[in-house]
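Structure first, commentary second.
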Amino acid sequence: MSKYEPSEIEPKWQAVWRKNNLYKVDLSKSARKFYLLVEFTYPSGDLHMGHWFTFAVPDILARMKRMQGFEVFAPNGFDAFGLPAENAAIKRGIHPQDWTLSHVKRMKEQFATMGASYDWTHEVITCLPNYYKWNQWIFIKMYELGLAYRGKSLSNWCPLDRCVLANENVENGKCWRCGSEVVQKEIDQWFLKITDYAERLIWPDKSEGPERSRGKETVDWPKSLIEGQNNWIGKSEGATIEFRIKNAELRIPVFTTRPDTLFGATFLVLAPEHPLVKKLTTKEYQNLVKEYQKRASQKSEVERKVGDKDKSGIWTGSYAINPVNNESIPIYTADYVLMGYGTGAIMAVPAHDQRDFEFAKKHNLEIRQVIRQLGSKANGQNATKIPTIQVPNNLSEAFEGPGILINSGKYNNLHSKEASAKIISDLEKVDLAVKTTNYHIHDWSVSRQRYWGTPIPIIYCRKCWSDKGKVISDKSIEGRDYAIIDGEKRAIVPVPLDQLPVELPYEVDYTPKGRAPLATAEDWVNVKCPSCGGEAKRDTETMDGFVDSSWYFIRYLDPQNDKKLADTKLIYEWLPVDIYFGGAEHTLGHTMYSRFFTKFLHDIGIVPFVEYAQKRVHHGVILGPDGSRMSKSKGNVVNPDVEVAKFGADAVRIYLAFLGPYDLVTPWNPGGINGVYRYLQRVWALFQVESGTLPAGRQEWKVESELSAEDLRQMHKTIKKVSVDVENIKFNTAVAALMEWLNYLSDKSKERQLAAEEVNNYLRLLAPFAPHLAEELWDKLGFSNGKSIHLANWPQFDPKLIQSEKVLIIVQINGKVRDKIEVEADLGEDELKRIALDSEKIKIVIGKSKIQKSIVVPNRLVNIVI
RNA sequence: GCCGAGGUGGCGGAACUGGUAGACGCGCACGACUUAAAAUCGUGUAGAGUUAAACCUCUGUGAGGGUUCGAGUCCCUCCCCCGGCACCA
């Protein structure tokens, strides 16, 4: 009997599979298509355990589906643009492109050792012009529809990387890449108008029915993601109400979700950055206000968000007029009001908003109750006799719920909801309010002051502006028609689609010098304007890498297409993706952006669906043995290559599948893989012994013993369990079922020879999990006839054989188990009850007690109540 | 604070629509093999108690209540961990 040597059999079969092009997909066969997508990877250099977990485990599903007769499309590629390449290049003087492509090559070699069945013939590498050309194409399409625009905004600026960061890339006020403190800086940059899609990106309530991805099918995405995205979009409905200023023409719009509390608005608060603050501040307060603004601006993101919530603020010296009662109320500026949300100004209702309450307490402002809590007994009797004014400061906190209006003039006694509607409509008549919906989500800033990304396909032309600009300047909009570059207005001219791609020049100075690296490539920057032929300059920034990953799943279908994103027929037949594996960390980033792109591509007629993945599955995280995240600095990195060398790829794959639920975050347990390795050795040993009994050259097993009902039951039960569990991404219990059956077969093999049917089915069930071992035994034991096990049919189970002739009935007295009796299956209730009462143990427990009641669950239990 | 997911042996985790809690694996203990160890194989392994041994008794799924013949599972209150968001008007 030979020993199980994964290091011999694994490379051997990997070579055979590669040579036979075993996993080649035929996209013309879409009738039973199965598109399995795994988030593509950044070419960081070395395949680590996380990559194995991410790719090797879903491969189990890919392989099962293939054996089940699906045409499985499981492409792979590289998300190849990004900061690390550039940072490494700056540090070590290697060109980002060379760095990236050499990593791609190396990682593909490592991928090969995984024994995974990903298809590389449709590989996408985002840093190649034939890919990013289409980023540029989409960008221009968005520009044409007003969805890409140049805007100014306070942006997260990483001083070390000299780069703008998206909110999603700021972690606790620090840059996600380098960890340095992020500061706020006003920057001109390109935005994609994801806010136009905010409403459509909201996941509907289940009760309303999810947005359809195709026909009648509904999508199956994790609840945590759905809730997370909805919160991030942060829709809130209310009104914008305008407060006039005493003795001035100015109006201050404020956003509120509670127009019903308007009579309780005793002051206004403007964000320190609010442009009206300057105009509103009276002379005597100017110095104080300026000083406050300065202090507020110096607060870092962390301080302002996490730190003190002490409700600092200062009076501007001005008053506004409350539109419902014409009262004069003071105008403050305070940093608890954010410029980035709503109008940057609020009406403060301290009795009914906790923040306003705290501010009012601190600055000694009036707190006026205008909402009475429903069902509040204290006031219940006085429902008709409403106190005209509440004594200030008799409240310990704000009451934020809805209720019945008091102290609100003609709106008294109305419920919050009707009062809100009425107040808005009354104010709308005098042009002081308008119904408004606000969203927390902001437009997506996509400009990056970096080299290693997709060039923004825009040209700025001075001549076009001076020729045409003056004529249309009244209607021209900054950011859409022109941009101010180096203090000078220039027309924005998109690169014509037929001139794409705008290729990234190879020779640039990408070391940080305070301006975008592409600006140093002067031959590239200076171009003839495609519109007027005059001297013009290219945009020197590049796109956020999340643009690349927002539609790559489409490109996989047709990565070489030079005319379109992908062939239309393929898009219609193969998308949406059937299952998409990826990390929960992409809840607010990548998956949101790609949903946005999908809806946009739908709107311009490229794709027929509005959700790109039928099902989304989150993977977990493998921590180091010490329970913390694997990192080189902690020295707790488990290197998959080392584990593969010791135990083989099959053992690593199964261990990763077996650890627990797939979304589990759990440490690597060095003992655990040993157990799995032991299991594979037992498989090997058991089936090897059996093969020894085969006459040489025999292609079939001789069944020495008839399989008993129990033998068949074990077999069919396992087939069912593995099939169902893999389908439902419960790999851990599928592995457990395989182990159980092995234990059973192992016991049986002491009494009789295993049947060919058993071994054959076992190997086919094992094949997705341990593809090399299964292939080796399949071949060695003569099942193959030269055909790979991975092309064999998936075993079928017979539900009738799973049912046992005998069942174990639990007999309980008052809900406690008192006996277990094996009986024929499917006995009637009376019969079961009779058998239960016949039991000696039961008789003893019942004794002389009277039976009150008995519950019989067929094939399960009898519960006797005494 | 808000949103989401959880809390089950020494550990990772099982448990269908409420119906034998602890599958499977790790670890540990004992035994076999061995000069010995490793490897491998076998047996046991929630806790406590009675016992020659238990297939005996009791207690047990974060805490406390509740619904039910019966609750890890459903409901209420609370505590704790993890992930995300956070002065969003």
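Numbered from 1 within each chain, the chains take letters A, B, ... in sequence-line order. The shown structure was predicted, so the numbers you read here are calculated from the model rather than taken from an experiment.
Figure legend: A:Lys311 and A:Phe359 shown without cation-pi pairing, the cationic atom not lying both under 6.0 angstrom from the six-membered ring centre and within 45 degrees of its axis.
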Verdict with reasoning, A:Lys361 to A:Glu397, per salt bridge (charged side-chain N to carboxylate O under 4.0 Å, His left out):
CA-CA 10 Å; A:Lys361 281 274 190 189; A:Glu397 57 177 11; over 6 Å; no
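As the counterpart of B:C16, no nucleotide is assigned, since no Watson-Crick or G-U wobble pattern has both distances under 3.5 Å. Look at B:G72: it lacks any Watson-Crick or wobble partner with both distances under 3.5 angstrom. With a 3.5 Å ceiling on both atom-pair distances, B:U35 lacks any Watson-Crick or G-U wobble partner. Across all strands shown, B:G62 is found opposite B:C78 as a Watson-Crick or G-U wobble partner, with both distances under 3.5 Å. Nucleotide B:A53 forms no Watson-Crick or G-U wobble pair with any nucleotide shown, as no partner meets the under 3.5 Å limit on both distances. B:U45 and B:G27 make up a base pair, with Watson-Crick or G-U wobble contacts both under 3.5 Å.
Taking 3.5 Å as the limit, the base of B:G19 and the side chain of A:Gln812 contain a donor-acceptor pair of atoms between them. Taking only distance into account, the side chain of A:Lys311 meets the base of B:C87 through a donor-acceptor pair shorter than 3.5 Å. Between the side chain of A:Arg355 and the base of B:C88, no donor-acceptor pair of N or O atoms lies under 3.5 Å.
Here the C1' atom of nucleotide B:C16 and the NZ atom of A:Lys720 are 9 Å apart, to the nearest Å. The separation between A:Ile241 atom CD1 and B:A89 atom P is 14 Å, rounded to whole Å. A:Arg860 places its CZ atom 14 Å from the C1' atom of B:A21, with the value rounded to the nearest Å.
What you find for A:Leu588 and A:Gly228 is that their closest heavy atoms are CD2-O, 3.5 Å.
Proximity note for A:Glu740 (side chain, C-beta onward) versus B:G4, B:G84, B:C24: the nearest is B:C24. Comparing atom distances between the A:Lys223 side chain and each of B:A23, B:G4, B:U17 picks out B:G4 as nearest. The A:Asn231 side chain lies nearest to B:C3 when the options are B:C3, B:G13, B:A89. Comparing B:A14, B:C87, B:A89 by their nearest atom to the side chain of A:Asn732 picks out B:A14. In the set B:U17, B:C87, B:C88, B:C87 carries the atom at the smallest distance from any side-chain atom of A:Asp335. Considering only side-chain atoms of A:Phe658, the nucleotide from B:A86, B:U20, B:G25 that sits closest is B:G25.
Here A:Lys853 reaches the OP1 or OP2 of B:C69: one of its side-chain N or O atoms lies under 4.0 Å away. A:Lys816 has a side-chain polar atom (N or O) that falls below the 4.0 Å cut-off from OP1 or OP2 of B:U59. Checking the phosphate oxygens (OP1, OP2) of B:G25, a side-chain nitrogen or oxygen of A:Asn743 falls inside 4.0 Å. Between A:Lys717 and the phosphate of B:C16, there is no side-chain N or O to OP1/OP2 separation shorter than 4.0 Å. Put simply, A:Arg678 has a side-chain N or O that comes within less than 4.0 Å of OP1 or OP2 on B:G27. Checking the phosphate oxygens (OP1, OP2) of B:C26, no side-chain nitrogen or oxygen of A:Asn674 falls inside 4.0 Å. A close approach under 4.0 Å does not occur between any side-chain nitrogen or oxygen of A:Arg818 and OP1 or OP2 of B:C55. Considering only side-chain N and O atoms, A:Ser854 lies nowhere under 4.0 angstrom from the phosphate OP1 or OP2 of B:C69.
Checking A:Glu199 against A:Thr437 by side-chain atom types alone, no donor-acceptor pair falls below 3.5 Å.
Residues passing the side-chain contact (heavy atoms from CB on, under 4.5 Å) test with A:Thr666 are A:Leu659, A:Leu664, sequence neighbours excluded.
Nucleotide B:G72 carries an anti base; the chi torsion (O4'-C1'-N9-C4 or O4'-C1'-N1-C2) is more than 90° from 0.
Annotation: of the two residues near RNA chain B, A:Gly815 and A:Ala345, the 5′-most nearest-nucleotide partner is A:Gly815. Comparing A:Tyr341 and A:Ser746 by the nucleotide of RNA chain B whose heavy atom lies nearest to each, the residue mapping closer to the 5' end is A:Ser746.
A:Pro661 comes within 4.0 angstrom of sugar-phosphate atoms only, judged by non-hydrogen atoms across all strands, and of no base. No contact: A:Gly234 has no heavy atom under 4.0 Å from any strand.
Expressed to the nearest 0.5 Å, how far CG of A:Asp838 lies from CD1 of A:Ile821 amounts to 8.5 Å.
Using cut-offs of 30° and 60° on the angle between ring planes, the pair A:Tyr4 and A:Tyr677 is tilted.
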